[in-house]
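Working notes for the structure below.
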Number of protein chains: 2
Amino acid sequence: MNRVLVVDDEPQIVRALAINLRARRYEVHTATTGAEALATAARNPPDLVILDLGLPDLDGVDVIRGLRGWSSAPILVLSGRSDSIDKVEALDAGADDYLTKPFGVDELLARLRALTRRAGSPESQPAVQLGRATVDLAARRVTYTDEDGVVDVRLTPTEWHLLEVLLRHPGKLLSQKQLLREVWGPGYENAQGNLRLYMAQLRRKLEPDPARPRYLLNEPGMGYRFDPGTDVRRH
Amino acid sequence: MNRVLVVDDEPQIVRALAINLRARRYEVHTATTGAEALATAARNPPDLVILDLGLPDLDGVDVIRGLRGWSSAPILVLSGRSDSIDKVEALDAGADDYLTKPFGVDELLARLRALTRRAGSPESQPAVQLGRATVDLAARRVTYTDEDGVVDVRLTPTEWHLLEVLLRHPGKLLSQKQLLREVWGPGYENAQGNLRLYMAQLRRKLEPDPARPRYLLNEPGMGYRFDPGTDVRRH
DNA sequence: CGCGATCCTGACACGGTCCTCACGAACACG
DNA sequence: CGTGTTCGTGAGGACCGTGTCAGGATCGCG
């Protein structure tokens, strides 16, 4: 929940933002053109996008549409133009916020917090229990309480990303395509063998009995779902 | 998903916003003080809040906290002050957007659309009841409330597809051809045996008495219909 | 350059799902 | 009462999706 894509045609602005964000524990990827932005986003699907509208190759609105085609990550638009029409177009194309230059870094960071807060809202609780395993989304940490003490469980980046997507939609069934798009980006939608493999690894590391999963469930032909053990049904 | 609470101490601004919003089919409630805002919100829980920070009685941030205590509706803050510190405080207190006066109405409306778009997407839970069975289309999950607790019911992909088509047209009669074309695609329009089989499976899994269906009904020679159980005992 | 961790691909066994076929029941009609 | 049609139900085999393992490619790092 902290991978940010920064897109701006002025390298010094990108650098400045990246430094600020990395200091706040964000994982930052950058791009200076629209095409590069879409390619980078596909390779490392972001949880958050900071997008300058004045790009040399593509119209900013087209970049928004390109991202919205497969990602639902919040998009914060930066722009030098303060015309009302530009803002309306960008927001209606799928952007979530619009900030005109020059801006204060404090304000930018506050708006990013507001966006991530809402994007991750359904899961306001930072720690999720899977039997004996405890997943702390905020701290990025998994512990397993064995018979004699707590043990740290190490997850690879891809395992984290997959687990995060599942845990963010408790009880909801996610199709293979959805999962592949979220974690590996579009273009990997047919790499189902991949998904099976990482699901198996997650089960091996988290489930009490990996052979018969209780939390990371599969519905044949449909997809996967995270079933919180004793959950409060809501509607 | 369209009830808006407008809070501003200047009545003419409230009036102007209310007119604009009502013209766009929003249901508008208003308040001119912080206390009144909290009271009105409690009486008519809003889906969206437009809040001016310069209120006479309460600090705006306190109003935000008061709302956030029980509501997760998006809050858009209006303010005459453009200081960075004010924005950061409001956003970190739980506001979702911050707009400084003077502002364009177009921009305000576009920001409202962006907020409702994101807040409204995870909701809209269309849970359909079929007697003791509950079908959650969004989560793709079916539960059956037995004498002793809730049991998960597993449906195969084709069963889901067929059920989905039926539930999307409540009470409407659908011919065999329509159903076959929708679920199996064109070319299978004569495989009526197929349809009978899967209808039987759905009834076995969902109906209280599969031999005498109450929800998944057949009209001989015509087709099938989903009767949303208004508990009309027919005989 | 070597080493470890991570990521991806291919292959196989198993279980579930899908479809076809066949038969009995209910009903309308002459 | 016989006949035809339509619907419900059961059983069987072909096929697809899933879990799992092994092995190679790639990347980061000392």
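Keep in mind the model is a prediction, meaning the values are calculated, not measured. In the text below, chain A, chain B and the rest are named by the order of the sequence lines, each starting its count at 1.
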Could you list the protein-to-nucleotides 5-8 of chain C atom pairs, N/O on both sides, closer than 3.5 Å?
{"residue": "dT6(C)", "atom": "OP1", "partner": "R154(A)", "partner atom": "NH2", "Å": "3.0"}
{"residue": "dC7(C)", "atom": "OP1", "partner": "T158(A)", "partner atom": "N", "Å": "3.2"}
{"residue": "dC7(C)", "atom": "OP1", "partner": "T158(A)", "partner atom": "OG1", "Å": "2.3"}
{"residue": "dC7(C)", "atom": "OP2", "partner": "T156(A)", "partner atom": "OG1", "Å": "2.7"}
{"residue": "dC7(C)", "atom": "OP2", "partner": "Y198(A)", "partner atom": "OH", "Å": "3.3"}
{"residue": "dC7(C)", "atom": "O5'", "partner": "T158(A)", "partner atom": "OG1", "Å": "3.3"}
{"residue": "dC7(C)", "atom": "O5'", "partner": "Y198(A)", "partner atom": "OH", "Å": "3.0"}
{"residue": "dC8(C)", "atom": "OP2", "partner": "W184(A)", "partner atom": "NE1", "Å": "2.8"}

Write out a two-atom table: protein N or O, nucleotide N or O from nucleotides 16-18 of chain D, distance below 3.5 Å.
{"residue": "dG17(D)", "atom": "O3'", "partner": "G221(A)", "partner atom": "N", "Å": "3.3"}
{"residue": "dT18(D)", "atom": "OP1", "partner": "Q176(A)", "partner atom": "NE2", "Å": "2.8"}
{"residue": "dT18(D)", "atom": "OP1", "partner": "G221(A)", "partner atom": "N", "Å": "3.2"}
{"residue": "dT18(D)", "atom": "OP2", "partner": "Q176(A)", "partner atom": "NE2", "Å": "3.3"}

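In this view, A73(A) and S71(A) satisfy the side-chain contact (heavy atoms from CB on, under 4.5 Å) rule, not counting sequence neighbours. For E159(A), the side-chain contact (heavy atoms from CB on, under 4.5 Å) test picks out L155(A), T156(A), Y198(A), Q201(A), L202(A), K205(A), with sequence neighbours left out. Residues satisfying the side-chain contact (heavy atoms from CB on, under 4.5 Å) test with Y188(A), not counting sequence neighbours, are W184(A), A191(A).
To the nearest 0.5 Å, atom CG of residue L179(A) and atom CG of residue L166(A) are 5.5 Å apart.
Between the NE2 atom of H161(B) and the P atom of dT17(C) there is a distance of 18 Å, given to the nearest Å. Spacing between atom CG of L180(B) and atom P of dC7(D) amounts to 11 Å, rounded to whole angstrom units. Atoms CG (L195(B)) and C1' (dT9(D)) sit 15 Å apart, rounded to a whole Å. When rounded to the nearest whole Å, the span between CG of D209(A) and P of dG19(D) equals 14 Å. When the P atom of dC21(D) is taken as reference, atom CE of M199(A) falls 17 Å away, rounded to whole Å. To the nearest angstrom, C1' of dG15(C) lies 15 Å from CZ of R212(A). In this entry the distance linking CH2 of W160(B) with C1' of dT17(C) reads 17 Å, nearest Å.
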With a 3.5 Å cut-off and sequence neighbours excluded, list the donor-acceptor pairs that the side chains of residues 15-25 of chain A form with protein atoms.
{"residue": "N20(A)", "atom": "OD1", "partner": "R24(A)", "partner atom": "NH1", "Å": "3.2"}
{"residue": "R22(A)", "atom": "NH2", "partner": "V28(A)", "partner atom": "O", "Å": "3.2"}
{"residue": "R24(A)", "atom": "NH1", "partner": "N20(A)", "partner atom": "O", "Å": "3.3"}

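Around the CG atom of N190(B), the shell of radius 6.0 Å holds no more than 12 heavy atoms that belong to other residues, nucleotides or ligands. More than 12 heavy atoms of other residues, nucleotides or ligands shown are found within 6.0 angstrom of CZ on R68(B).
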Discussion item. Salt bridge (charged side-chain N to carboxylate O under 4.0 Å, His left out), that's the test. Do K101(A) and D8(A) meet it? Break it down for me.
Written reply: CA-CA 12 Å; K101(A) 300 178 184 178; D8(A) 199 311; 3.2 Å; yes
